[in-house]
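Starting from 1, each residue takes its place in the sequence as its number. Just so we're clear, the structure is a prediction, and the values are computed from it rather than from any experiment.
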Amino acid sequence: TSKLSLALGLHLWLAPFGVQAQQIACGQTITNSISSTGQTTIYAFEANAGETVDILILGQNFNATGEVYGPSENRLAACTNNFTQPLTLAVGGTFTIRVRADNSVSTGAYGISLMFLNGRCGSSLVWGRPVTNTITRLAEADLYTFSGNAGETVELSSHSDSFGVVALVSSPTG
């Protein structure tokens, strides 16, 4: 008699086979939707070691959850209808963000914004010159940079007639 041996391997895919990640760039806001239960949309971005990022995910009529994964597929951060909080990247490479409904059942529109807090892609502010801008998309975040010296004081003011405006200031290292 002869013996037959069979080896089986189990592979778990985090997304349907063949799904390509949509690119998201520094300072970009993307509006998209979850149109079926269990759907996950994947975004990818390139970053360097030492850069600090923050991601904002907001669902319009449901709780949108975003999970950030490093180049080696380790989970770095997560948030639901909020910012991930500043995340300083230990390594460089391609990072992914997976967006889904927090209950895996809800559907609807959502927005996602990618912000590099080291000033990589912000528009320059000039002292004494006001800036007017309009928020037109869900989860939109507008990035600005300015120069200063240690010990100087900065005052920012913002106003909207229709919603609360938040200004976050980060150091040159994020």
Side-chain angles (χ1 to χ4, degrees), residues 7-60 62-125 135-147 166-174:
L8 295 175
L10 176 63
H11 297 277
L12 298 175
W13 297 96
L14 296 173
F17 182 72
V19 169
Q20 294 282 332
Q22 180 179 345
Q23 294 297 309
I24 185 168
C26 177
Q28 184 178 15
T29 299
I30 296 174
T31 303
N32 204 341
S33 64
I34 301 290
S35 57
S36 61
T37 60
Q39 178 182 338
T40 298
T41 304
I42 302 172
Y43 299 91
F45 67 94
E46 298 292 324
N48 300 310
E51 289 187 299
T52 302
V53 298
D54 203 349
I55 292 115
L56 173 60
I57 311 248
L58 291 176
Q60 188 166 20
F62 72 102
N63 291 324
T65 295
E67 296 173 305
V68 182
Y69 289 84
S72 61
E73 290 300 312
N74 53 319
R75 185 172 172 223
L76 302 175
C79 66
T80 299
N81 276 0
N82 208 338
F83 291 93
T84 57
Q85 300 303 313
L87 177 62
T88 301
L89 306 173
V91 299
T94 302
F95 295 79
T96 57
I97 307 163
R98 297 182 183 121
V99 179
R100 61 180 173 77
D102 71 336
N103 62 9
S104 298
V105 176
S106 297
T107 59
Y110 69 87
I112 178 173
S113 286
L114 172 63
M115 296 154 278
F116 279 69
L117 302 182
N118 306 79
R120 182 202 266 199
C121 60
S123 300
S124 292
L125 290 177
I135 301 289
T136 60
R137 291 173 287 169
L138 188 60
E140 183 175 336
D142 296 317
L143 305 176
Y144 299 96
T145 62
F146 63 91
S147 296
V166 176
L168 305 171
V169 179
S170 62
S171 71
T173 59

> To the nearest 0.5 Å, what is the distance between OG1 on Thr29 and CD1 on Ile24?
7.0 Å

> Would a distance-only check, ignoring hydrogens and angles, find a side-chain to backbone donor-acceptor pair under 3.5 Å from Asp102 to Ala64?
no

> Rounded to the nearest 0.5 Å, what separates atom CD in Glu67 from atom SG in Cys79?
9.5 Å

> Return the minimal non-hydrogen interatomic distance between Leu87 and Ala77, and the atom names on each side.
CD2-CB, 4.0 Å

> Can you tell if the side chain of Tyr43 reaches within under 4.5 Å of the side chain of Ile55, non-hydrogen atoms only?
no

> Measure the CG-CG distance between Asn81 and Asn63 for me, rounded to the nearest 0.5 Å.
4.5 Å

> What pair of heavy atoms forms the shortest contact from Ala44 to Thr94, and how long is it?
CB-CG2, 4.1 Å

> Counting only N and O atoms by type, is there a donor-acceptor contact under 3.5 Å from the side chain of Asn103 to the main-chain atoms of Val105?
yes

> Would a 4.5 Å heavy-atom cut-off, applied to side chains only, mark Gln28 and Leu114 as touching?
no

> Between Ile97 and Ile57, is any pair of side-chain heavy atoms under 4.5 Å apart?
yes

> Within the structure provided, determine whether Asn48 and Arg120 are in side-chain contact (heavy-atom separation under 4.5 Å).
yes

> I need the minimum non-hydrogen distance between Thr107 and Ile34, along with the two atoms involved.
CB-O, 3.1 Å

> Compute whether any side-chain donor of one residue and acceptor of the other, for Thr88 and Thr52, lie under 3.5 angstrom apart.
yes

> List the steps and the verdict of side chain to side chain contact (heavy atoms under 4.5 Å, CB included) for Val53 and Phe45.
CA-CA 11 Å; Val53 298; Phe45 67 94; 4.2 Å; yes

> From Ile42 CD1 over to Arg98 CZ, what is the distance, rounded to the nearest 0.5 angstrom?
5.5 Å

> How close do Ala90 and Ala49 get, heavy atom to heavy atom, and via which atoms?
O-CB, 3.6 Å

> For the backbone of Thr84 and the side chain of Asp54, can you confirm whether one donor and one acceptor N or O come within less than 3.5 Å of each other?
yes

> Over all heavy atoms of both residues, which pair between Phe116 and Glu46 is shortest? Give the atoms and the distance, please.
CZ-O, 3.6 Å

> Please find the pair of heavy atoms, one from Leu76 and one from Leu89, that lie closest to each other, and give the distance.
CD1-CD2, 4.3 Å

